[in-house]
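Both backbone and side-chain heavy atoms feed into the values below; hydrogens, waters and symmetry mates do not.
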Amino acid sequence: MGRTDLSAAQARRIALAAQGFTDRRPSGKPTLAHLRRVLSRIGLFQMDSVNIAARAHYLPMFSRSGPYDRAILDRAAWRPGRGERLLVEYWAHEAALIPVTDWPLFGWRREEFRDGRYRHTRDIMRRNRDLARDVHAVIVDAGASTPRQIEDHLGIDRSPGVRGGWWHRGEVKHLCEALFAAGELSAIRDENFTRHYDLTGRIVAPELVEDTVDRAEAHRRLTARAARSLGVATIADLADYYRTKPAEVRGAVADLVDTGELAPVGVEGWRDPAYLRPEAAIPRRVDRSAILSPFDPLVFFRPRAERLFDFRYRIEIYVPEHKRVHGYYVLPYLMGSDIVARVDLKADRKGSTLLVLAAFVEPGRSKDAVAESLTADLASMARWLGLGRVSIGDRGDLVDSLRRVSG
């Protein structure tokens, strides 16, 4: 492998510090200032529509700062009122909330997506440019709108018995998505997580919309941001963070090494060379426990999670139920500097209960020690979600210990 500059344990602690897991938790209720601090660490909040426990974009702040008012994030992204908008939705690492000030760094991607992100959407856009102009005109006049509201303005009948009704409905949604990907439209979300499309200039400050950043410079800055958020990383890690091409990341890394912003290092057990920010913190220990989103930046690149934590993790949402190994919505559990367990969670909102459908401990971990820590964090999560109790199910090798600890 070549030289070794960092042990595997040091690399884990560097990564955890970079992600904010060694920052002091708020002594009181977390505020917008704490959200800003978390965002400065991780750079984005990946989004996901699954709401079986909590939507993915809310969890990283909880994992790092503890229970907080989710309205803080809602206001920062979608309802700033007279305040400053902090976040905007765009394609970063998949669908994500990014700092609104980072909007100019994705101009190259908006150009690549000028007719849409997906082939089917691009085909619809190329066949329906007149309808796309009509959609745009409706939003100019009506303001933020859902596809259904746009259809109403255009007089598109959604009745199943009307020829072309449902077909046109699909076209309007795809055209909104294409215009969103191209940056002509942006979006806000309502309390049901429904997108309302609006002109980008009404959501992103005009000076940011007009700002252009050269593609190479944008990749350099995005790579530097990824390096800051990861602490120590391979080319593959850096490329995955914002889903950029490894070839362009290599060029950016070479420049950052030349300027002293990154240093090449070898990490024990890592096949590929890694890169470290010279000022990256290497804490002696990490004393933090946290339930993580499946899409937390600490673990969303599965090869890195396996390399860092010896934690093989796959989301099983799309796996048929009888073939699932651990469960439908399984969240990793961090304790200290290791991922020590995984839990399949569901919020039973009618019953005011956080259901632990299954819980599994990682090999070599003390079930009792993990259960003691996890019980406290499950209770904290239940309170954060407004649920009155935690109920332990019967699947997994950790559930008996959880029951004993919880009494």
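Atoms OG1 and CG, from Thr31 and Leu35 in turn, are 8.5 Å apart once rounded to the nearest 0.5 Å. The CG atom of Asp348 sits 5.0 Å away from the CG atom of Leu355 when rounded to the nearest 0.5 Å. To the nearest 0.5 Å, the span separating CD on Glu248 from CG on Leu238 amounts to 14.0 Å. Residue Glu84 holds its CD atom at 14.0 Å from CZ of Arg75, rounded to the nearest 0.5 Å. The CG atom of Leu374 sits 10.0 Å away from atom OG of Ser406, with the distance rounded to the nearest 0.5 Å.
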* To do: Apply the test ring-ring contact (aromatic ring centres under 6.0 Å, His included) to residues His57 and Phe193: give CA-CA distance (whole Å), side-chain angles for both, the deciding distance (0.1 Å), then the verdict.
  => CA-CA 11 Å; His57 51 284; Phe193 202 59; 5.4 Å; yes
* To do: Let me see the working for Arg277 and Glu261 under salt bridge (Lys or Arg N to Asp or Glu O under 4.0 Å), right down to the final yes or no.
  => CA-CA 6 Å; Arg277 294 171 63 245; Glu261 296 169 73; over 6 Å; no
* Asked: Checking salt bridge (Lys or Arg N to Asp or Glu O under 4.0 Å) for the pair Arg189/Glu89: CA distance, chi angles, key distance, verdict?
  -> CA-CA 9 Å; Arg189 303 267 184 169; Glu89 183 177 346; 2.7 Å; yes
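Counted within 6.0 Å of CD on Glu321, heavy atoms from surrounding residues, nucleotides or ligands total 12 or fewer; the atom is thus considered open. Atom CD of Glu372 has 12 or fewer heavy atoms from other residues, nucleotides or ligands within 6.0 Å. Summarising the local packing, CZ of Arg285 is surrounded by 12 or fewer heavy atoms from other residues, nucleotides or ligands at distances under 6.0 Å.
For the pair Arg304 and Phe301, the cation does not sit on the ring face, since its NZ or CZ is not both under 6.0 Å from the ring centre and inside 45° of the axis. Within the cation-pi definition used here (under 6.0 Å to the ring centroid, within 45° of the axis), Arg225 does not qualify as a partner of Tyr241.
Each of Ile339, Asp377, Leu398, Val361 was scored for a side chain to side chain contact (heavy atoms under 4.5 Å, CB included) with Tyr333, with one residue passing: Asp377.
Taking the centre of each ring, Trp103 and Tyr90 come in below the 6.0 Å mark. Between His93 and Tyr242, the ring center distance fails the sub-6.0 Å criterion. Side-chain rings of His219 and Trp108 approach one another, their centers coming within less than 6.0 Å.
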